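What follows is one structure encoded as structure tokens, with my remarks underneath.
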Amino acid sequence: MTSKLNPKQQQAVKNISSPLLVLAGAGSGKTSVITQKIAYLVENCQMPAHKIMAVTFTNKAAREMKERVNNIIPRKSTRGLTISTFHNLGLNIIRREHRHLGLKPGFSIFDSQDSLALIKDLMQRESGDENAIIDSIQHTISNWKNDLLSPQQALSYATDDSELLAARVYAAYNRLLRAYNAVDFDDLILLPTNLFLEQKEILDKWQNKVHYLLVDEYQDTNHSQYLLIKLLVGVKASFTVVGDDDQSIYAWRGANPENLTQLKTDFPKLEVVMLEQNYRSSGRILKAANQLISNNPHLFDKTLWCDRGFGDPIRIVRQKNEDKEADFVVHDLMTHKLQKGLAWNDFAILYRGNFQSRIIELKLQALSVPYKVSGGTAFFSRSEIKDIMAYLRLLINRDDDNAFLRIVNTPRREIGISTLEKLGEYASGRQISLFAATQELGIESILPKRNLEKVREFSQWITDISQLCRERSPTAVIKQMIQEIDYPGWLSDQSNSPSAAEKRLENVWQLVKSIDKMLLDTDDLSSGEDPLENVISRLILRDIMEQQEEEDDSNRVQLMTLHASKGLEFPHVYLIGMEEELLPHRASIEEGNIEEERRLTYVGITRAQQTLTLSLSASRKQYGQTIEATPSRFLDELPKEDLDWHGMGIERSQEEKKSTAKAHLSGMRDLLR
DNA sequence: CACGTATATTTATAT
DNA sequence: AATATACGTG
């Protein structure tokens with residue numbers, strides 16, 4: 001079974017006696033090692049699958065891993081096997097232990113948008129408001145949570161006024177979250193970790209559930225995630241973590257690649273296996289990647305090698321502007337596809353920021369090329385999706401004031417601002433949620449009769465619907481609900497054109513379809529919890545939806561950010577926008593964090609199996625203004641002999657043009673002398 | 001409440 | 001530059 005693996009990989013799979021760190025270079029088969037190891041544990045070591053846990057960072061990675069495990073061993077022997085993301089794992093722990101955390105069942109999960117809205121709300125009471133400050137406060141709070149600092153600790157460690165303000169907001173924010181019976185994304189890790197630290201019996205219980213732990217992309221763990229792992233494995237220390245410091249690209253959200261070296265200190269018996277043979281890319285691509293990354297300092301010294309052919313030169317194409325750049329990429333892609341009889345999904349177009357997809361999408365649409373944009377938050381940020389999600393959130397957690405406010409008057413129920421203000425005043429005075437307030441007798445004296453009726457009507461309706469959900473098929477009830485509020489009618493009122501309304505309604509049905517499918521899938525796992533709650537919370541974590549999309553025709557050109565591309569591979573890769581200020585991104589240049597941008601470029605390059613095309617533009621429109629763009633410094637760090645330049649010249653900025661002209665001139669003078 | 005005009009905001013990266 | 005939001009008027 002493990003015969004397809006090379007000796008190093010086999011060593012990584014078969015070593016189960018000591019804690020293990022696998023340093024896996026790009027394309028060295030790290031997912032194979034994890035999946036084969038799961039199979040090995042089940043089949044050779046007779047370890048029950050429900051005692052094995054594998055943790056990844058993205059839903060996509062978790063899904064792929066499940067699929068690959070099911071391909072090597074029969075489905076029935078993987079029963080109970082846990083393969084999930086960190087956040088999903090945290091969510092499951094919180095769901096099981098919610099009583100110990102002061103949460104009621106059906107608690108809400110606030111995504112970053114919800115959190116930001118909450119902080120904004122708080123700040124308006126505290127002091128003046130500026131958007132940049134609010135953003136930085138949200139970021140600061142998130143960092144504190146990742147470092148497991150309580151509001152009290154943050155307050156005592158605060159050194160300047162802005163930190164002091166952030167710490168005060170942090171305290172209020174946390175209190176409000178609890179009042180809403182809600183947790184944020186960071187809480188999904190922080191709450192279980194703190195719980196394990198504080199309550200020995202609960203930790204014991206969970207440690208018994210995990211006989212072996214595997215962690216993917218270990219270099220991406222932050223402090224709280226590392227601690228969670230450490231707590232889960234306990235003194236048994238039966239674990240394998242797989243990572244690559246060269247692919248650490250999440251420092252900005254607290255990832256700490258030092259956790260790789262920390263492991264040696266915390267687990268003296270740690271064994272280290274290095275995987276250096278690359279099975280993915282051509283020799284040329286690998287050589288370029290190696291040379292680029294050699295400009296970075298390393299925690300560990302790895303040298304990737306491969307025994308594949310050397311392959312085509314790496315093309316670098318520079319166009320006059322971003323429009324021409326997009327034209328080139330799309331046309332070039334089409335030409336290759338047709339000439340070589342390739343499939344659309346043999347191609348990927350990668351970029352630094354989501355906004356860069358737009359122009360490419362336009363060109364692809366013009367030529368009716370099927371494509372798929374992954375990542376981005378487009379779907380969930382659509383107002384119709386947010387509306388329906390708010391309804392669902394309110395159904396499972398009536399104390400979710402954010403959801404309440406979003407939908408109480410959407411569609412119109414003649415519940416206006418003044419009514420809500422009075423209701424809000426009443427609710428906050430009594431420390432209860434808005435929904436709870438609607439059912440109190442006390443509001444009868446403060447609301448005019450007509451308004452009171454409307455509020456009561458809404459409140460009763462929500463109660464009835466959530467009751468119905470328990471009795472009948474939730475999907476049918478959701479459909480009924482959408483009809484009862486005449487959401488289709490509301491959409492056509494709100495939209496500019498009938499076709500736009502239709503499209504938005506279509507999005508709503510897609511959401512319902514996903515929920516339906518998910519409820520069916522969840523049923524046979526029968527976790528004993530409310531399946532609707534389960535599905536809604538997973539939806540908020542952006543799980544589910546993508547799954548649906550994957551299933552329909554996936555033969556499409558893949559568009560995604562460099563971050564989203566990690567862990568994937570494609571025969572032919574286009575990496576666009578290879579310019580200073582874009583890659584490396586301006587913010588990183590200003591922070592002096594070029595190394596992470598270099599790793600990001602490294603990740604992009606190492607996605608390519610056969611051909612790699614780097615493209616750039618000489619000018620770019622920014623906020624309506626056209627500005628000159630300088631080729632990325634990373635292009636200079638690639639082996640010149642393996643590059644093939646096309647398009648416009650490779651002059652640098654104007655200054656450099658001048659300086660080369662000067663050099664030329666002085667050279668001429670020297671000759672004349 | 002619909003419509004027009006003024007003003008703000010957009011371009012990190014993700015669970 | 002283009003799009004979203006806010007505000008005011010009829």
Side-chain angles (χ1 to χ4, degrees), chain A residues 55-63 84-91 109-116 130-132 135 138-139 142 145-146 183-190 216-217 220-222 224-225 228 247-255 321-323 350-359 362 374-383 409 412 414 416 493-494 496 537-546 560-567 576-577 579 581-591 593 596-601 603-604 620-627 629:
Chain A
V55 187
T56 66
F57 277 84
T58 63
N59 293 314
K60 203 189 258 172
R63 227 176 299 132
S84 78
T85 62
F86 264 102
H87 288 85
N88 239 320
L89 170 65
L91 173 63
I109 305 165
F110 278 25
D111 67 15
S112 347
Q113 260 184 26
D114 300 324
S115 295
L116 195 69
E130 263 173 82
N131 263 330
D135 278 358
Q138 184 187 29
H139 196 237
S142 174
K145 287 197 171 190
N146 288 336
V183 299
D184 66 17
F185 277 177
D186 299 316
D187 285 338
L188 292 176
I189 312 297
L190 169 132
D216 189 21
E217 306 282 13
D220 290 340
T221 50
N222 61 33
S224 58
Q225 286 160 338
L228 185 61
Q247 293 186 68
S248 160
I249 54 175
Y250 285 104
W252 52 272
R253 62 171 209 205
N321 56 44
E322 63 213 312
D323 199 65
L350 310 179
Y351 37 79
R352 176 69 235 258
N354 281 310
F355 74 97
Q356 289 172 273
S357 75
R358 240 185 96 156
I359 188 158
L362 249 110
S374 34
T377 47
F379 188 84
F380 281 89
S381 61
R382 292 181 195 183
S383 66
N409 206 27
R412 296 276 119 89
E414 296 176 70
D493 287 350
Q494 291 297 301
N496 299 320
S537 25
R538 287 180 52 194
L539 261 177
I540 294 164
L541 290 181
R542 307 285 142 90
D543 199 354
I544 305 182
M545 286 313 291
E546 300 149 31
M560 67 188 83
T561 63
L562 289 165
H563 283 89
S565 76
K566 186 152 67 105
I576 66 173
E579 295 146 37
E581 313 241 298
L582 242 184
L583 185 62
H585 192 274
R586 187 193 311 156
S588 298
I589 297 174
E590 280 161 12
E591 286 165 33
N593 192 6
E596 182 146 316
E597 299 287 311
R598 190 177 282 114
R599 288 193 289 267
L600 198 50
T601 310
V603 166
R620 199 165 281 277
K621 271 199 188 121
Q622 203 171 47
Y623 303 118
Q625 261 133 5
T626 305
I627 52 158

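In what follows, chains carry the letters A, B, and so on, assigned in the order in which the sequence lines appear, proteins first and then strands, with residues in each chain numbered from 1. These figures come from a predicted structure and were not determined experimentally. These values consider heavy atoms only, across backbone and side chains, with no hydrogens, waters or symmetry-generated copies.
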Requested in this report: Check the distance between B:dA14's C1' and A:Arg253's CZ and give it to me in whole angstrom.
Outcome: 5 Å
Query - Sub-4.5 Å side-chain heavy-atom contact between A:Gln356 and A:Leu582 - result: yes
Query - First of A:Ala587 and A:Asn88 reached from the 5' end of DNA chain B, by closest nucleotide - result: A:Ala587
Query raised in the report: Does a nitrogen or oxygen in the side chain of A:Thr58 sit under 4.0 Å from OP1 or OP2 of B:dA14?
Result: no
Report task. Check the geometry between A:Phe355 and B:dT11 and answer yes if their rings are stacked (centres below 5.5 Å, planes below 30°), otherwise no. Result -> yes
Report task. Hey, could you give me the CG/OG distance between A:Leu190 and A:Ser142, rounded to the nearest 0.5 Å? Result -> 10.5 Å
Report summary line: Separation between CG (A:Asn222) and CZ (A:Phe86), nearest 0.5 Å, reads 8.0 Å
Report task. Determine if A:Trp252 stacks with B:dT13; use a centre-to-centre distance below 5.5 Å and an interplanar angle below 30° as the criteria. Result -> yes
Report summary line: Which of B:dT15, B:dT11, B:dA14 is nearest the side chain of A:Gln622? It is B:dT11
Report task. Report the stems of DNA chain B as range-with-range entries sorted by first number; a stem here is at least three consecutive pairs, Watson-Crick or G-U wobble, both distances under 3.5 Å, and write none if there are none. Result -> B:1-10 with C:1-10
Query raised in the report: A:His585 side chain N/O closer than 4.0 Å to the phosphate oxygens (OP1, OP2) of B:dA12?
Result: yes
Query raised in the report: Once you round it to whole Å, what is the distance between C1' of B:dT15 and CZ of A:Phe57?
Result: 10 Å
Requested in this report: May I ask you to say what A:Ser588 touches in the nucleic acid, namely base, sugar-phosphate or nothing, with a heavy-atom cut-off under 4.0 Å?
Outcome: base
Requested in this report: With C1' as the reference atom in both, quote the distance from C:dT3 to B:dT13 in angstrom, rounded to an integer.
Outcome: 23 Å
Report task. With heavy atoms under 4.0 Å as the rule, sort A:Glu597 into base, sugar-phosphate or nothing. Result -> base
Query raised in the report: Looking across every strand, which nucleic acid part, if any, lies under 4.0 Å from A:Tyr250 by heavy atom: base, sugar-phosphate, or nothing?
Result: sugar-phosphate
Report task. Starting at NE2 of A:His563, measure out to CG of A:Asn354 and round the result to the nearest 0.5 Å. Result -> 10.5 Å
Query - Single hit among A:Arg598, A:Lys566, A:Glu597 for side-chain contact (heavy atoms from CB on, under 4.5 Å) with A:Ile249 - result: A:Lys566
Report task. Can you tell me the distance, in whole Å, between the CG atom of A:Asp184 and the P atom of B:dA14? Result -> 19 Å
Report task. May I ask you to say what A:Glu591 touches in the nucleic acid, namely base, sugar-phosphate or nothing, with a heavy-atom cut-off under 4.0 Å? Result -> base
Report task. Compare side-chain N and O positions of A:Asn354 against OP1 and OP2 of B:dT11 and report whether any pair is under 4.0 Å apart. Result -> no
